[in-house]
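So the structure is just underneath, and the comments pick up after that.
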Amino acid sequence: LFNQVQELKGNIRVMCRVRPVFNGEEGHAAKLKYPDTDKESKELEVLGKEEKSSLGNVTRKAHSFSFDRVFGPESNNEEVFGEISQLVQSALDGYNVCIFCYGQTGSGKTHTMSSSDGMIPRATHQIYETATNLQEKGWTYTMEGSFVEVYNEEIHDLLGNSKDFDKKKHEVRHDEHKKQTIVTGLRSVPLDSPNAVESILKQADANRSVAATKSNERSSRSHSVFMLKLVGRNSVTNETSEGTLNLVDLAGSERLKQSGAEGDRMKETQNINKSLSCLGDVIGALGQGKDGGHVPYRNSKQLTYLLQYSLGGNSKTLMFVMASPLEAHLSETLTSLKFATKVHNT
Ligand code: ADP
Ligand code: MG
């Protein structure tokens with residue numbers, strides 16, 4: 001039933017999550033109105049920067065947003081996962097599922113997606129458990145995970161040997177016939193025990209910390225993509241299924257002009273901006289039913305090309321837009337929420 005409902009609603013959904021105000025940030029909060037935690041709200045109101053009217057009154061413009069779901073600052077990862085668990089599950093039914101976290105650095109993307117309590121381990125555990133239960137009905141699944149970082153339009157293997165992390169080059173190739181994406185030389189790890197994901201996350205962290213010694217801002221300037229490939233076969237009915245689950249922690253969405261970048265840093269930032277806006281264009285084009293027609297996948301060589309077969313056709317896409325509650329981040333937050341609204345309305 002869930003899949004049928006999804007079909008009717010279209011295959012792109014957008015949810016918003018507002019992170020809490022931390023100790024030391026009190027007094028710096030923006031004026032956001034989000035839902036009570038116990039209500040399944042879809043609305044968010046943000047009061048813009050103070051403006052002086054011609055009569056000298058100080059006002060704030062109210063910006064209203066509406067998404068498939070809005071999570072307030074008291075929400076936890078368990079609650080967030082509850083809202084996506086059926087979507088995750090549909091990868092076992094043969095769908096290509098893509099879930100993104102979008103937002104500026106510090107807004108909570110990694111906490112939501114890649115932390116030890118986040119969507120990656122939760123989704124992986126659930127899939128492992130469900131696949132195990134489906135054995136009773138004759139299903140056997142092979143499940144393989146890979147994890148890459150897209151940095152400066154280059155692909156790095158987060159599960160590879162830490163020694164080669166920065167050196168080894170990987171290419172994205174498409175098998176047009178099988179509609180499959182192949183990344184050359186990539187390590188994939190079988191998901192053959194409930195704890196397999198812990199060692200995957202550990203290896204990824206080890207590789208990230210190698211990279212961080214060279215550039216400690218690298219994590220906010222790279223996209224990381226966790227890919228789980230699920231191939232199932234039913235020995236009773238002879239049915240087969242092939243699905244993928246892609247969980248994507250995107251680079252910080254902050255604008256170029258704010259970072260005062262030069263040289264290499266400028267190039268990096270341009271690559272990030274380009275790949276994020278390209279992703280938005282791709283999602284937008286797909287939402288308008290252009291799948292099969294021209295979808296601008298190749299505008300950013302790596303990220304969208306990597307995800308091409310997971311974004312079109314038989315796919316389900318969800319974007320989390322992460323919002324910071326701080327006044328200092330207000331204009332970036334509004335920019336993110338407007339981008340997400342564009343995606344939501346496609
Ligand atoms: P991003 O990946 O978008 O740069 P992070 O996920 O690293 O942001 O979040 C910044 C900091 O805020 C981290 O220390 C993270 O643990 C914390 N944080 C983010 N969201 C939440 C949340 N919903 N609840 C508690 N802590 C959070
Ligand atoms: Mg992060």
Side-chain angles (χ1 to χ4, degrees), residues 14-26 28-30 32 34-38 41 44 67 69-84 99-123 147-152 156 158 201 204-212 214-226 246-255 258-259 268-269 271-273 275-276 279 303 318-337 339-340:
V14 180
M15 298 187 192
C16 172
R17 185 177 193 186
V18 183
R19 79 146 168 86
V21 173
F22 300 132
N23 288 340
E25 291 178 344
E26 302 91 347
H28 301 281
L32 309 184
Y34 28 71
D36 297 340
T37 26
D38 54 345
S41 180
L44 173 71
F67 299 108
R69 180 78 204 262
V70 174
F71 295 99
E74 287 96 23
S75 67
N76 57 34
N77 278 343
E78 185 182 359
E79 192 185 340
V80 172
F81 183 70
E83 199 66 23
I84 66 163
I99 303 178
F100 297 95
C101 276
Y102 179 92
Q104 73 181 113
T105 299
S107 59
K109 297 181 298 296
T110 300
H111 174 81
T112 300
M113 194 62 97
S114 328
S115 70
S116 59
D117 166 60
M119 300 305 118
I120 292 178
R122 286 174 184 276
F147 206 175
V148 301
E149 178 198 78
V150 182
Y151 177 62
N152 229 347
H156 301 274
L158 284 167
L201 290 174
D205 272 346
N207 274 327
R208 282 206 192 91
S209 60
V210 169
K214 290 178 192 157
S215 150
N216 59 14
E217 284 173 327
R218 179 163 169 159
S219 80
S220 66
R221 311 186 71 83
S222 59
H223 313 291
S224 74
V225 186
F226 178 75
N246 299 281
L247 301 173
V248 188
D249 186 345
L250 290 166
S253 59
E254 48 273 13
R255 300 293 105 180
Q258 284 201 1
S259 45
E268 255 176 54
T269 312
N271 279 334
I272 295 169
N273 285 351
S275 57
L276 289 176
L279 183 69
L303 182 67
L318 172 80
M319 191 171 98
F320 282 109
V321 56
M322 316 303 302
S324 158
L326 302 187
E327 176 81 15
H329 296 158
L330 196 55
S331 74
E332 284 295 347
T333 301
L334 286 169
T335 304
S336 293
L337 292 170
F339 174 80

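In each ligand, atom 1 is the first atom listed, and ligand 1 is the first ligand listed.
Of the polar atoms of Thr110, at least one N or O is found under 3.5 Å from an N or O of ligand 1, judged by distance alone. Residue Phe22 has no N or O atom closer than 3.5 Å to an N or O atom of ligand 1.
Classification of the His156-Tyr151 ring pair by plane angle, with boundaries at 30° and 60°, yields tilted.
Per-residue contacts place Thr105 under 4.0 angstrom from the following atoms of ligand 1 (heavy atoms of the residue considered): 4 (O). Atoms of ligand 1 lying under 4.0 Å from at least one heavy atom of Arg17, given by number and element, are 23 (N).
The line from OG1 of Thr333 to CG of Leu326 is 8.0 Å long, rounded to the nearest 0.5 Å. We find the CE-CZ distance between Met15 and Phe320 to be 5.5 Å, quoted to the nearest 0.5 Å.
With respect to atom 4 (O) of ligand 1, the closest heavy atom belonging to the protein is Gly106 N, 2.6 Å. In terms of protein heavy atoms, atom 8 (O) of ligand 1 is closest to Gly108 N, 3.1 Å.
Around the Mg ion (ligand 2), the protein N, O or S atoms found under 2.8 Å comprise Thr110 OG1.
Arg122 places a side-chain N or O within 3.5 Å of a backbone atom of Asp117 that can act as its donor or acceptor partner. When atom types are taken as modelled, the side chain of Arg17 and the backbone of Ser75 share a donor-acceptor pair closer than 3.5 angstrom. Side-chain atoms of Ser222 never come within 3.5 Å of backbone atoms of Val150 as a donor-acceptor pair (strictly under, hydrogens ignored). Panel note: side chain Asn246, backbone Val225; no donor-acceptor pair is recorded below 3.5 Å. Not one N or O on the side chain of Lys109 forms a donor-acceptor pair closer than 3.5 Å with the backbone of Phe100.
Inside a 4.0 Å radius of atom 13 (C) of ligand 1 there is not any protein heavy atom.
Between the side chains of Thr105 and Glu254, at least one donor N or O lies within less than 3.5 Å of an accepting N or O.
Pro20 counts as a contact of ligand 1, since one of its heavy atoms falls under 4.0 Å from the ligand. At least one heavy atom of Gln104 sits less than 4.0 Å from an atom of ligand 1. Put simply, part of Ser107 is less than 4.0 Å from ligand 1, judged by heavy atoms.
Comment: Arg19 engages Glu25 in a salt bridge, judged by a side-chain N to carboxylate O separation of less than 4.0 angstrom. Salt bridge present: Glu79 and Arg69 bring a charged side-chain N and a carboxylate O closer than 4.0 Å.
Across Lys109, His111, Arg19, heavy-atom proximity to atom 22 (C) of ligand 1 is greatest for His111.
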